[in-house]
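One structure is given here, and the rest of the page talks about it.
Residue numbers begin at 1 in each chain, while the letters A, B, ... track the order of the sequences.
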Amino acid sequence: GKREGSATSGKLTIAVVPKGTTHEFWRSIHAGAVKAGREMNVEIIWKGPMREDDREQQISVMEDFISRGVSGIVLAPLDDIALRGPVANARAAGIPVVIIDSDLKSDDYVSFAATDNYLGGKMGAQELIRLLHGKGRVIMLRVMEGGASTTNRERGFLETIAEAPGITVVSSNQYGGPTVESAYRMSENVLAPLTDKSGALTIDGIFTPNESTTFGMLRALQDGGHAGKITFVGFDASPKLVEALRSGQLNAFVVQNPMSMGYIGVKTVISHLRGEKVEKRIDTGVTLVTPENINRPDMKDLIEPDLTRWLE
Amino acid sequence: MTQATPAPRFAMRGIRKSFGATAALQGVDLAVAPGEVHALIGENGAGKSTLMKVLAGAIRPDAGEMLLDGQPFAPATTQAAREAGVAMIYQELSLAPHLPVEDNIMLGMEPIRFGLRDRTAIRDRAHEALAMLGYGSLEPRTRVGDLPIATRQVVEIARALAVGCKILVLDEPTSSLTLADIDHLFGVLDTLRSKGHAIVYISHFLEEVKRIADKFTVLRDGQTAGSGAIAEHSIEEIVNLMIGRKLEQLYPRSTRTPGEVMIHAVGIGAAPKPVNATFDLRRGEVLGLAGLVGAGRTELLRTLFGLDPVASGEITVRVHSGWATPRDRWQQGAGMVSEDRATEGLAGSLSIASNITMNLSHDASPLGIVHPRHIETVAREWIDRLGIRTRGPDQEVRTLSGGNQQKVAIARLLHEKVDILLLDEPTRGIDVASKSQIYELIDRLAAGDPEHDIQPRAILLVSSYLPELLGVCDRIAVMHRGTLGPARPASAWTEHTLLLAATGQGTPA
Amino acid sequence: MKRSSSLAQTLGPLIGLILIFALFAVAGPASFSSLNNLETIARQTAIVGTAALGMTLIIIAGGIDLSVGSMIALVTVITAALLQAGLPPIVAALGGIATGLLCGFLNGYLVTRLKVVPFIVTLGTLLVVRGAAKGFAHEQKIDAPLTWLKELLAALPQGEGWRIVPWGVWLAIALAFLVAGVLLYTRLGRHIIAIGSNEQTARLCGVPVDRVKVIVYSLGGAFAGVAGILQFSRLTVGDPTVASGVELDVIAAVVIGGGSLNGGEGSIAGTIVGALIMTVIRSGCAQMGLPNWVQEMVTGVIIVIAVALDRWRQRRKASGAA
Amino acid sequence: MKRSSSLAQTLGPLIGLILIFALFAVAGPASFSSLNNLETIARQTAIVGTAALGMTLIIIAGGIDLSVGSMIALVTVITAALLQAGLPPIVAALGGIATGLLCGFLNGYLVTRLKVVPFIVTLGTLLVVRGAAKGFAHEQKIDAPLTWLKELLAALPQGEGWRIVPWGVWLAIALAFLVAGVLLYTRLGRHIIAIGSNEQTARLCGVPVDRVKVIVYSLGGAFAGVAGILQFSRLTVGDPTVASGVELDVIAAVVIGGGSLNGGEGSIAGTIVGALIMTVIRSGCAQMGLPNWVQEMVTGVIIVIAVALDRWRQRRKASGAA
Ligand SMILES: Nc1ncnc2c1ncn2[C@@H]1O[C@H](COP(=O)(O)OP(=O)(O)OP(=O)(O)O)[C@@H](O)[C@H]1O
Ligand SMILES: Nc1ncnc2c1ncn2[C@@H]1O[C@H](COP(=O)(O)OP(=O)(O)OP(=O)(O)O)[C@@H](O)[C@H]1O
Ligand SMILES: [Mg+2]
Ligand SMILES: [Mg+2]
C-alpha cells in the first residue's frame, strides 16, 4: 500500500521539499516547518535537490516521497510547470501538496503560501527611487535564467523603475549565477566598464534580487572601495547583510518571511489532512528593512530569527 | 631462380624520405619478382622499416616512384595498399589488446553477412591462418592483451596471411619466435613463394636469411649498399656490405674470474610461473637462461626484480634476503632490461637523456635538485660510449631505430653502475654490428678491469638465440615449463642439447 | 573461459548493485523495495542511462563527451518550440533527436578535423550548445502543450500495471540491447573497440578511423537527443538550464560499469548497472530522509567502494586463474 | 633545440591569449585594457590559477582530480570556523591549507591503495568532501570576523599602487615559479613526468611510483587549500557551496595550456596562460555587456579555436623543422 510509511508509525509524516538547502532563506523555512511539526506532533522530513538549480532532481525527490508514501508534501517548486507532473501524481496517490515560495501552474495543489515576489521587486524599486530622489543611473544584476520568483522580482523592479522618468537602467541583462562567487565575479565585470578614470562609479543606484547577488555585489563594492558611496537596495537577509545595512554599505533590503512560510505550509497541509477547509492562496508578506526600522523588535524575527532553537 | 629474370612484381625507384633533419632514405631502389623471397638487410636505422612502410602506404615518400605489376603505384593509405595486395607485418607489434585474436586478425577486412559481421567466417579464416603457423589450437576468442608477446607476434603474422596478398613484407617477424614457430613460418613462406607471391624479409639473423631468402639487398645509411643472390655471397661478405668494414670476432671472451655470490635463489616460485628455480649468480660470470618461449624465464626475472610477487622460495641479493621492490633492487645494485621495449622498457615519449637517468638516484643533490645540463652531459657520454645513433640527447626515444632504443635501455643500467645485470633478450631486434658491441660490453662488464679498478659484474642473460647464449655465457641453465634445470658450463652444452633440455627431454643432472 | 569475460566483467558491478539495494531494503523504509519504487528507480535511471549508452561508445573509442548535459537541454528546448509551433509530437521528438545528432556530429567533426583532444572540443561545445539553448529560448523556459510525450516517463496510471514501467523505460531498454548488439555483432562495433584499444593499429589495418569517430560522436549526440526527449517528458517544458553537470553522472555510470577512460574497455550492461547504482543510492538516501550532505558523503563512499571491490575481484581472478 | 621546447610549447597559448586580449581591447569598452581591469583579471585568475598549479602536476603524472572544487569549499568553511573560534588569521589559513593537503593525501592514498582509477576516486571524494563541508557548516555559510585575510585578493586600496596586484596574486605567482622549478630542477619533478609518460617504465627504473603519486595528490590538495584561502579572502565567509563545478575550469586551464590528459605533458607557464585565457574571455564578454548566452557561446568557440591553432602550429613545426 502507498501509505505504509505513515500507517506503521501512526504519526503523520510531512515531507518539505525546498529548492535548495544551503541558503539562509531555506534554513528559515526549515525552522518554521519544524516549529509547526513540533506544535502539531508530526514528523517533518526535509529534503531538497542536491544541486540548487536542478529541476530534474527536485522531481526525483518528489517521486521518492510519493513512492515512500508520506502523509503530505510541502513543496517550493523550482519550476512552475515542470513540477506539475509530480504534484498531479501525488494527488493521484492521495497525498496532498501545499505549494510555498513560488507558484505552480496547476490545480492539483491544496494551497499556495508565498511572498508576493512582484510586490517585493516593486518595493525595492520604490525605495531606490525615493533614495535617489527620482533621478540617476541604476543597474540590476539578475539571478538565474528561468527562476520564477526572482524573475518576478526582477520584473516588478524593472516595471516600477520605468515609471520614474529621471531614472535610466544602464545594465539589466547580466546574471549572477548560482553561487556567491559567480555573482561576485559578475558584479566586478559589470562594474568595471562603469568606472571612470578617477575610479569612481558612474552609476547611482543598484538593485539585486536575492541573497547571493546582494552579497556578491556587496563584496565587489567593498573591494572597489565603492561601498557606502552608492545607493544599494538588496533582497533577503543574512548576518553579513544586516551588518552591511547597519554600517551604511547597504541602504535597504526587502525581506520575505520564510519562517512563517515554512510554518504556514506545514500547518496548512495538516489542516487539510484533518479535513479542515484551507484557503487556496495565502500571502506570507514582504517587508522593507531600512536603517530606520531595523532595530524594531518585530524585525528581529524576520532578519535574525533564532533558528538553532528549531534546528537541532 | 629457375626462370630467367621475370618481370618484377613490384619495383621501387629513387625513394627518398626525410624526418625533419634525418634523411632516412636517400634514393633507394628495390625490385622483387614473383616467387622470390628478398631479404632486406642493414644496420639499425639504415632505413629498412621506413622503406617498407612506404610500400605499405603507411608513409608517403618525399620522392621516387613505385610500380606494382608494371603499373604506377602510390598508395595514399595502408588500406589502399592492402587492397592492392600488399600486406605488412610491422616491426613494432601493432595489435589491439582489447580485441580477441580473431578480430585482430581480420581487423579492417571483416566479412559481412546480412549487414552484421560474419562471425563464423571470421573465426574460420582466423583459425585457418593460425593453423598455417602451427597455432591451430590457439583459441581465437582469447583477448590479445592476455597473450604473451611471442604469441602476439604469431597473431600479427596471421593477420598478414589471412587477408590474402600478392606482396608480403615481414619486418623482423622472428625476433620473439621459437624455433618451431620459425620452422612453421618458413614452411608458409615456401608455400607462398611457390604460389608466386613476392616476399620481403627483414631480419638481423643472417643464418635465417641464408636459409629462406633468394636474393638480398643491403641498406646502409638510407642508401643501397649492395645486392645480389644469397647463394653467391657468404655471411661475412654480407656483413661487410652492411657495416662497411670487417667484423672482428663476434663473441669476445676475456678471462673472467667468478667471485662472490651476488644472487642466491632457492626454489623460487610465483603464480603461475616459475614453478621452481634454484641458482647462484656470481660476480664475474655470465649466467645464461635458455628455454622455449613461455617457459617462464621472463617471469623469473620479474620476480627476482620485484616486479611480480613471489609465492615461494628464497631470494638473496648480496646480503639482502626476501622480496624487494624494484627500487630496492636498484639500491642493492641490480638493474634489469625488459624484453618488452615498447610498453615497459622505455618511455617512448621522453628523451634519451630522461630515459637513461630516469632513476636519478645519484644525479640529484641530496636535496633532490637536478641540473638539466648535467643530465644532458651524462646522456651525451653514453651516446658516445655505446655509439647510439641519434640527433642528440633530446631526441624522443620512440623515434630511434629499434637497436638504438635497446642501447638506451642498457645505458641506463651502466649509468646506474649496477653490479648485477638482469638482461631479458637484450639483443632482440639488433643488427650484427650492434650485437657484437653489446657482446663486447657484456664481456667487459663480466671481466671487469683491474687496471682501472673496475669490479667485475654479475650478469644474468635470458635469450632465445642459442648461438648467443653459447658464445657469451660462462654457464647456462635451461628452463622448462617453469622449472629451472641445473646450470652447467657453456662448453658442456651444444645447440642440440640445449634444445632437448628446453623441450623437456634433457638428460637429468 | 575467456568466452564469458564480458559477462563476468559486468558481474562485479552487478553484485555491487544488489548489495547496495539490499542495504537500503534493510536499512530504509519498507516502501523502498516495493514494486512502485522499483518503477520509480527505473524511470529515474532512464535519462542518464540513455545518454550513457552513447557515452559508452564514445569512451570505448577512447574519447569523452562533456557536452551531453548541454545537448539534453537544447533538445528539450527545441522539442518544446516545435510542439509550440503546432507540430505533431512525433515530429517534435524526431526534431529533438536530430538536433542531438547534429550536435554530436559537430563534436565528431571538430575532433577529427581540428585534431584537438575531445576533452577540449566537447568543453567548447558544452558552452556553445548551452548558450545556444539559452539564446534560442530567450533565457526562459519554453512552455509546450501537453501531449503524449509527457507519458513517456510519467508514473504508470492505474490499471496499466501490465506495462511494468512506462514506455520511455522500455525505449531505453530496447536501445540498450540495440547498442550492445552493435558493439558485439557489427563491424562498426569492432572498429570502435579497435580504435579505443590502439588507434595506430586501427589506422594501419585500414579502419576508417575518422569516419568511425564521427559516427560514434553522432550516435552519442543522438542518444543524448533521446535522453533529452525523456527529460522533456519529465519536465513538460523546454528548459535551457536543465541537466547541467549531468555529464559527470553519465561518465561515472560508464566508468563504474567497467569502462576505461583510456579506451578499449566498457560494456553496455555494465553502464546500465552503473547508472542504476547511482539512482539506487540517491533514491535510498532520499527515502531514508538523510540530509543532503550525508547523502553526498554516502554516495561518494559507495561509488568508490563499489569500483574498488570490482577491480579487486578482477585482479584476484586474473592472478588466480590465468 | 628541445632545450627551449617547453618555452616554445607555451608560446602557442600565449599568442592566443594576446590575440584574445587584443580582440576585447579593440571591440570592448575602453575600460577593458585599463590598468584597473588588468588587476581585476589577475585577481579573478588567482583562485583557478593556484588550484591549477596542483592540477598540472596531477595531470602530468597521468592522473586527474575532480574534487578540487569541493576541497576549496571545505577549506573556506574550515578557515572561517577557525577564525570564528578566535584563532589568529595565519593559523586559520594554515589550518585551511592543511585541510586541503589532507584531502589530497586521501585522494593519493585511495588511488594507490585501492588501484581504482583517479577519475572514480576523486569523483567519490568530490561528493564526500562537499558533503563534509556542508555538514560541518550545518548547510549554511559560516561567518567569520574580518581579518587581513580579506586583503589577500581585495582590490588595491588607494596609494598602494606600487604593489600592482594584491598580495594573494603575488603569492600565486611565487607558487607558480616554485612549482615550475620543482618540475624542471628536482628529482621529484622528473619522476612525475616519468610516471605520466610510462608508469611501467618508471616502476622498472626504481621510481617509487606510489609514493610520488601520493605526494602529487597531496600537493594538489595543498594548492587547492591555498586556492581555498584566496576564495575565502574574496567571500569573507565560509561557503560550503562555493566553487562547485570549478574542476572543469581548472582542468581546462591545464589542457588549454598544453597539458595532456594521457599524462607526461603539461607546463606551469602554459597552465597560467590557460587560466588567464578563460578569465579574459569571461571578463571581456561581460564588460561588453553581451547577454549571458552569447558569452557562453563565445567562450566555447574561443577555447576550441585557441587550442586548435596551438596544436596546428605545433604539428606544422614538428613536420617542418624537427
Ligand atoms: N617517425 C620518425 N621520426 C623521426 N625519425 C624517424 C622516424 N622513423 C624513423 N626515423 C629515423 O629514420 C631512420 C631509419 O629508421 P628505420 O626504422 O627505417 O630503420 P631500420 O633499418 O628499420 O632499423 P632497425 O633495424 O633498428 O629496425 C632512423 O635514423 C630513425 O631514427
Ligand atoms: N602459446 C601460448 N598460449 C597461451 N599462453 C602462453 C603461450 N605461451 C606462453 N604462454 C604464457 O605466457 C607466460 C610466459 O610468457 P613468456 O613468453 O614471457 O615466457 P618466457 O619464458 O620469458 O619466454 P621468452 O622470454 O622467450 O619470451 C606464461 O604465463 C604462459 O602460460
Ligand atoms: Mg626497423
Ligand atoms: Mg620472455
Side-chain angles (χ1 to χ4, degrees), chain C residues 62 64 66-67 70 110 113-139 240 244-245 247-249 251-252 255-256 259-262 291-312 315, chain D residues 64 66-67 70 110 113-139 240 244-245 247-249 251-252 255-256 259-262 281 291-312 315:
Chain C
I64 198 157
L66 300 177
S67 67
S70 299
L110 292 176
R113 281 307 156 97
L114 299 185
K115 314 267 182 226
V116 171
V117 287
F119 185 90
I120 287 290
V121 166
T122 58
L123 181 70
T125 50
L126 177 157
L127 293 163
V128 171
V129 174
R130 178 71 66 180
K134 288 181 184 170
F136 188 86
H138 302 290
E139 308 198 309
S244 84
E247 58 276 0
L248 277 191
D249 283 6
I251 298 171
V255 179
I256 293 175
S260 156
L261 293 175
N262 296 325
N292 267 358
W293 64 273
V294 177
Q295 178 181 337
E296 284 189 293
M297 296 188 70
V298 170
T299 312
V301 170
I302 293 186
I303 287 179
V304 173
I305 292 183
V307 176
L309 281 181
D310 175 41
R311 303 301 191 257
W312 175 76
R315 263 204 315 283
Chain D
I64 198 156
L66 300 177
S67 68
S70 299
L110 292 175
R113 282 307 155 98
L114 300 184
K115 314 264 181 228
V116 170
V117 287
F119 185 89
I120 287 290
V121 166
T122 59
L123 181 70
T125 49
L126 177 156
L127 292 164
V128 171
V129 173
R130 178 71 66 181
K134 288 183 184 169
F136 188 85
H138 303 291
E139 304 203 308
S244 84
E247 59 275 0
L248 277 190
D249 282 6
I251 297 170
V255 179
I256 293 174
S260 156
L261 293 174
N262 295 325
I281 301 175
N292 223 11
W293 63 273
V294 179
Q295 281 180 39
E296 276 182 323
M297 295 188 71
V298 170
T299 311
V301 170
I302 294 186
I303 287 179
V304 174
I305 292 183
V307 177
L309 282 181
D310 175 42
R311 303 301 190 258
W312 175 75
R315 264 204 315 282

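Here D/G131 is the residue among D/G131, D/G124, D/A133 with the most heavy-atom pairs under 4.5 Å with chain C.
Heavy atoms closer than 4.5 Å to chain C are found in both the backbone and the side chain of D/I256. For D/I64, no part lies near chain C; criterion is any non-hydrogen pair under 4.5 Å. At a 4.5 Å heavy-atom cutoff, the contact between D/L261 and chain C is made by side-chain atoms alone. Heavy-atom distances place the side chain of D/V117, and not its backbone, under 4.5 Å from chain C. Residue C/I302 does not touch chain D at all, counting heavy-atom pairs closer than 4.5 Å.
Residue D/L123 comes nearest to C/A252 through the heavy atom pair CD2-CB, 3.2 Å, listed as atom of the first residue, atom of the second, then distance. Between C/A308 and D/L114 the shortest heavy-atom distance is CB-CD1, 4.0 Å. Closest heavy-atom contact between C/L127 and D/E296: CB-O, 3.3 Å. Across C/V304 and D/I120, no two heavy atoms sit closer than the pair CG2-O, 3.9 Å.
By the side chain to side chain contact (heavy atoms under 4.5 Å, CB included) test, C/A137 pairs with C/V77, C/I142, C/P240, sequence neighbours left out.
Taken to the nearest 0.5 Å, the CG atom of C/N262 stands 12.5 Å off from the CZ atom of D/F119. Distance NZ/C/K115 to CH2/D/W312: 14.5 Å, rounded to 0.5 Å.
Counting only residues at least two apart or on different chains, no salt bridge (charged side-chain N to carboxylate O under 4.0 Å, His left out) pair has a member in residues 119-132 of chain D.
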